[in-house]
Each structure stands twice: as C-alpha cells, then as structure tokens.
Amino acid sequence: MRRIRAAAVGAVTLSLILTAAACGGGSSGSQGSNEQPRTLTYWATNQGANLEVDKKVLQPELDKFEKETGIEVKLEVVPWGDLLNRILTATTSGQGPDVLNIGNTWSASLQSSGALLPWDAKNFEAIGGKDRFVDSALGSTGVQGQDPAAVPLYSMAYALYYNKKMFADAGIQKPPATWAEVAETGKKLSENGTWGLGAEGSNLSNNIHQVFVLGKQHNADFFTSDGTADFTADGAVAAVKQYVDLMAKDKIIAPGNAEYAQNQSLSDFAKDKTAMVLWQTASATFKAQGMNEDEWGVAPAPVQSGRPGPGAAVNSMVAGINMAVFKNTKNIDGAKKFVKFMTSDEEQVILNKAYGSIPPVKTAQQDPAFNTPALAVLRETLATSAAALPQVPEESQFETVVGTAVKELFAEAAAGRPVTTESVRAKLEKAQQQMPKK
C-alpha cells in the first residue's frame, strides 16, 4: 500500500469471520440492486501526501465519470488508520459504501465475510475481462481457487531508496545488494547523528511486510499449506531476528525508530537524517517533502544472495490497492461501470502516474510514464521477485499478532536489552497462541 496502514485489532477481525453469515452483504447469491441508479458512494484510500491531495487527484476523474454516465460519485478519502475498522463495521451493519478501496493484503479476510461482490467470469467480463490484469496483482485478490473478492487498482513493490549525497560523502560507490552489505554500508553511514537505515518499528503492517519477505528468504511462509499458523518454524524465527538485529546487533537503525508508525522514517530520509529506507513506491512522498528526483536512487531490495528472483530470492511482498464492491449496493450496474472506468487504460495511467504507483492493467503499464528508472526497478520486482502475502482469512490477525511481536522486540532493542533467538521464539509462540485453532 502507498501509505502503510496501522493494523486493526485481531479480535475485531475474528469477530468479522465468525459473523460472516450475518453480514450486510446478504446471501451468497445476492448481487445488489439498482434502486438508486444515479448515485454511488466511494471510500478511497489515502494514497497521496495527505487527504486533500487525494481529493485533488480523484475529484476531476469522478466528475469525468459523472459527465460520461450521469452517475454522481460521493467521495470520502479514509485514513489508513481508520479504514479496516470502518470496513469491518460496514460488513456487519450493512451500512457501507457502494465501492471502496482495500489494501490487497486484506482481500482474503474480507472475502470470508461474504459481504463483497465476487468477481466471477461474468463480472470480470463487464469490466473488460480478467486477462487485462497482470498475474502478480491478481494473486492478491482473494483465496486461490475462489472468485476474487476485488479488482486490482494500484500496484506497488518494495525497493531500497538511498540518499545519493550521503553515499557519496561516505565514499560508498553503489547501493547494497545483500543483507551483509546493508549492515556494512549502514555502519559507515551511522555516525554524527545520522543513521544508515530507517524503519517503522511500531507500524504492525510494515513489520509484517519486512519479516514476510525475510521469511521467504529463510524458506518460511508463516502458514502451512492448509492455512495453519506456523510462526515458530526456524525460518520464521530467523527472519524476525534478522530484521530486529538491524537495530539490536548491527545498530544501523536509530533506537527512536522503534516508536515510528506514521511514516517518520520517510521524513528522516527527506531531511538527510537517514541514508536508506525500504519502502513501497516512495518517490511521490519524497517529492512532496521537498526532495528533488536526482537526490535519491532506487535499487532492488536486498536478498541473501544479492540476486532477486523467485523462492528464497523473493525481495518484496506484492503490494497494492484493490477495488471492491459491497454486494448489497443499491446501484450494482453503476458500481461495475465505475470499476470499469477506474481500471480503464486512460484512468490507470492518470491515477498511477499521480501516485507514483504502477498500473496492474497490462496495456496501461506500457505507457512511457512508467518507464522511469525508479519505476523500472519496481516493475521488475513485481514481475520476477515479489510474492503475495498469505491469502488466508486470518491474514489480518497475522499482521496484528506477529506485527506486535516485532514491535515489542524493537522496543527491547531500543532499550538496550538483548534480542536472542530464544526471546524471538517466545514472542512468536505467544503470537501463535492468539490465532484461532484449525
């Protein structure tokens, strides 16, 4: 996601799953109605530097849609910290928008509620066909083997952003490609009040994104093939320890980053306080904070071998935003028309260019606007070395409990307490005990 969100409380998500049959989406065969064909309500995610930026980006496009169709779209941009709980409340009450954006990692969890319109072959045909979308984006739209719960809207991937001047001043010729090089480079940059690497130690979702990728590099998935939580596997423990050790052992992350949860690491980067940051599609944010494009570089996120690829060489989760429709919408035809409009080639270029993201629509992705050096790294990552987070109903609980475990370990590292394999395993055992039993 463009703005890495705060995870919702796991107990709320569990309540969502257990009450799926009572959700406002109605029966599994419900496809909404056309009782209010002239209006739509739309919850958009905060993709820009602030909510007002999003309104300035989106409103002209919504006006264009109204001119073409006669359908007015009432826009609300919802902050990430509020969005998941707002959606969960809407699914249980039946009082939600017609169309909404969701973080793609939520797709399976929200799919289990039964409240979202399934995108079967007929519904995909209404928006131009499923084959218009790239495979990596479709892989984060719901449980494999089921009709997707949402349609890809914006695609993103993690990369390593680095401050060119800070690198040059330290005599560093190129960005690190391996984790060993990250530690070595970071130590050269961590002096005189500056730090090698930024992190968001209290941001549960960011924690999950990082340790999921490291888990892949240690041959761990955090879930077994049948969807059972497997947080204490040796590879999962090693992944979490390796990430926290960037502060605890390597000391290239400032202790204060243990409390960061609102993109402060990006501000530090823009103010030359931190030389590197691992982030999703950060260029637009840096520009908004006053940096010129030639002040930073973009390189693939590191892997153990230095060569990103599939399997143990995965270096990003498949990040992005999906577009969903509530099944009980009172303008089902208009909702589909709106999704078709927002995923059209023209709108995909306009919107993704504005946000610095990548279109998940194949033809739009070929536009020259997405051939910049920075976006080329992200495109290559999505195509060759990114993996979808587990598409299981308990995914958002996973983010909460394991993300919290990582947050607590960062707090211990910031306080100078040792972070050992045993202490990491104990935190993950506690997290696993909070997951529902299969």
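Note that these values count all heavy atoms, side chains included, but never hydrogens, waters or copies made by symmetry.
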Between the side chains of [X] and [Y], is a donor N or O closer than 3.5 angstrom to an acceptor N or O?
X: Gln47; Y: Tyr355; result: no
X: Asn322; Y: Thr141; result: no
X: Glu399; Y: Ser205; result: yes

Salt bridge flag under 4.0 Å for residues [X] and [Y]:
X: Asp221; Y: Lys216; result: yes
X: Glu200; Y: Lys407; result: no
X: Glu422; Y: Arg425; result: no
X: Glu408; Y: Lys427; result: yes
X: Asp82; Y: Arg86; result: no

Any donor-acceptor N/O pair, [X] side chain to [Y] backbone, under 3.5 Å:
X: Asp250; Y: Ile252; result: no
X: Thr400; Y: Ser396; result: yes
X: Asn163; Y: Met166; result: yes
X: Asp245; Y: Ala248; result: no
X: Asn257; Y: Gly201; result: no
X: Thr384; Y: Glu380; result: yes
X: Lys327; Y: Pro118; result: no
X: Asp120; Y: Asn123; result: yes
X: Glu181; Y: Gly306; result: no
X: Ser190; Y: Gly196; result: yes

Between [X] and [Y], what is the shortest heavy-atom contact and its length?
X: Met435; Y: Ala229; value: CG-CB, 4.1 Å
X: Met342; Y: Leu58; value: CE-CD2, 4.3 Å
X: Gln397; Y: Pro436; value: NE2-CD, 3.6 Å
X: Gly94; Y: Asn328; value: O-ND2, 3.2 Å
X: Ala258; Y: Phe410; value: CB-O, 3.7 Å
X: Asp98; Y: Thr41; value: OD2-N, 2.8 Å

Side chains of [X] and [Y] in contact at under 4.5 Å (non-hydrogen atoms):
X: Leu110; Y: Ile102; answer: yes
X: Gln111; Y: Leu116; answer: no
X: Thr91; Y: Ser113; answer: yes
X: Asn263; Y: Thr285; answer: no
X: Trp43; Y: Pro97; answer: yes
X: Ser265; Y: Trp195; answer: no
X: Leu389; Y: His209; answer: yes
X: Val325; Y: Val339; answer: yes

Item to check | Phe286 and Tyr161 aromatic ring geometry - parallel, tilted or perpendicular at 30°/60° bounds | outcome: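 Ring orientation, 0 to 90° scale: perpendicular.
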Next on the checklist: Does Asp268 form a side-chain hydrogen bond (donor to acceptor under 3.5 Å, both in side chains) with Gln264? I'd like the steps, not just the answer.
Outcome noted: CA-CA 6 Å; Asp268 285 354; Gln264 295 99 318; over 6 Å; no
Atom [atom1] of residue position [X] - does it have more than 12 heavy atoms of other residues, nucleotides or ligands inside 6.0 Å?
X: Lys164; atom1: NZ; answer: yes
X: Gln144; atom1: CD; answer: no
X: Lys273; atom1: NZ; answer: no
X: Glu259; atom1: CD; answer: no
X: Glu293; atom1: CD; answer: no
X: Arg307; atom1: CZ; answer: no

Item to check | Derivation and outcome, side-chain hydrogen bond (donor to acceptor under 3.5 Å, both in side chains), residues Ser107 and Gln391 | outcome: CA-CA 7 Å; Ser107 296; Gln391 295 293 296; 4.8 Å; no
Item to check | Passing candidate, side-chain hydrogen bond (donor to acceptor under 3.5 Å, both in side chains) with Gln242, options Gln217, Gln304, Lys249 | outcome: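 Of Gln217, Gln304, Lys249, side-chain hydrogen bond (donor to acceptor under 3.5 Å, both in side chains) with Gln242 is met by Gln304 alone.
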Checklist entry - Pick from Asn46, Val78, Thr45: which one makes a side chain to side chain contact (heavy atoms under 4.5 Å, CB included) with Asp54? => result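 For Asp54, the side chain to side chain contact (heavy atoms under 4.5 Å, CB included) test succeeds with only one of Asn46, Val78, Thr45, which is Asn46.
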Hey, could you give me the [atom1]/[atom2] distance between [X] and [Y], rounded to the nearest 0.5 Å?
X: Met323; Y: Ile127; atom1: CE; atom2: CD1; answer: 9.5 Å
X: Ile208; Y: Thr404; atom1: CD1; atom2: OG1; answer: 8.5 Å
X: Leu189; Y: Thr274; atom1: CG; atom2: OG1; answer: 10.0 Å
X: Thr224; Y: Asp230; atom1: OG1; atom2: CG; answer: 6.5 Å
X: Ser155; Y: Leu375; atom1: OG; atom2: CG; answer: 11.5 Å
X: Gln210; Y: Asn203; atom1: CD; atom2: CG; answer: 10.0 Å

Next on the checklist: Run Met156 and Ile321 through side chain to side chain contact (heavy atoms under 4.5 Å, CB included) and show every step you take.
Outcome noted: CA-CA 8 Å; Met156 303 158 200; Ile321 305 301; 3.9 Å; yes
Next on the checklist: I'd like to know whether Phe398 forms a ring pair (Phe, Tyr, Trp, His ring centres under 6.0 Å) with Phe231, so could you lay out the CA-CA distance, the side-chain angles of the two residues, the decisive distance to 0.1 Å, and finally the verdict.
Outcome noted: CA-CA 9 Å; Phe398 162 56; Phe231 303 162; 5.5 Å; yes
Checklist entry - Thr194 and Asn192: side-chain hydrogen bond (donor to acceptor under 3.5 Å, both in side chains), yes or no, with the steps? => result CA-CA 6 Å; Thr194 63; Asn192 301 323; over 6 Å; no
Item to check | Step-by-step ring pair (Phe, Tyr, Trp, His ring centres under 6.0 Å) determination, Trp296 to Trp279 | outcome: CA-CA 13 Å; Trp296 73 82; Trp279 208 261; over 10 Å; no
Item to check | Worked check of side-chain hydrogen bond (donor to acceptor under 3.5 Å, both in side chains) between Asn101 and Tyr154 | outcome: CA-CA 10 Å; Asn101 291 358; Tyr154 312 129; 4.7 Å; no
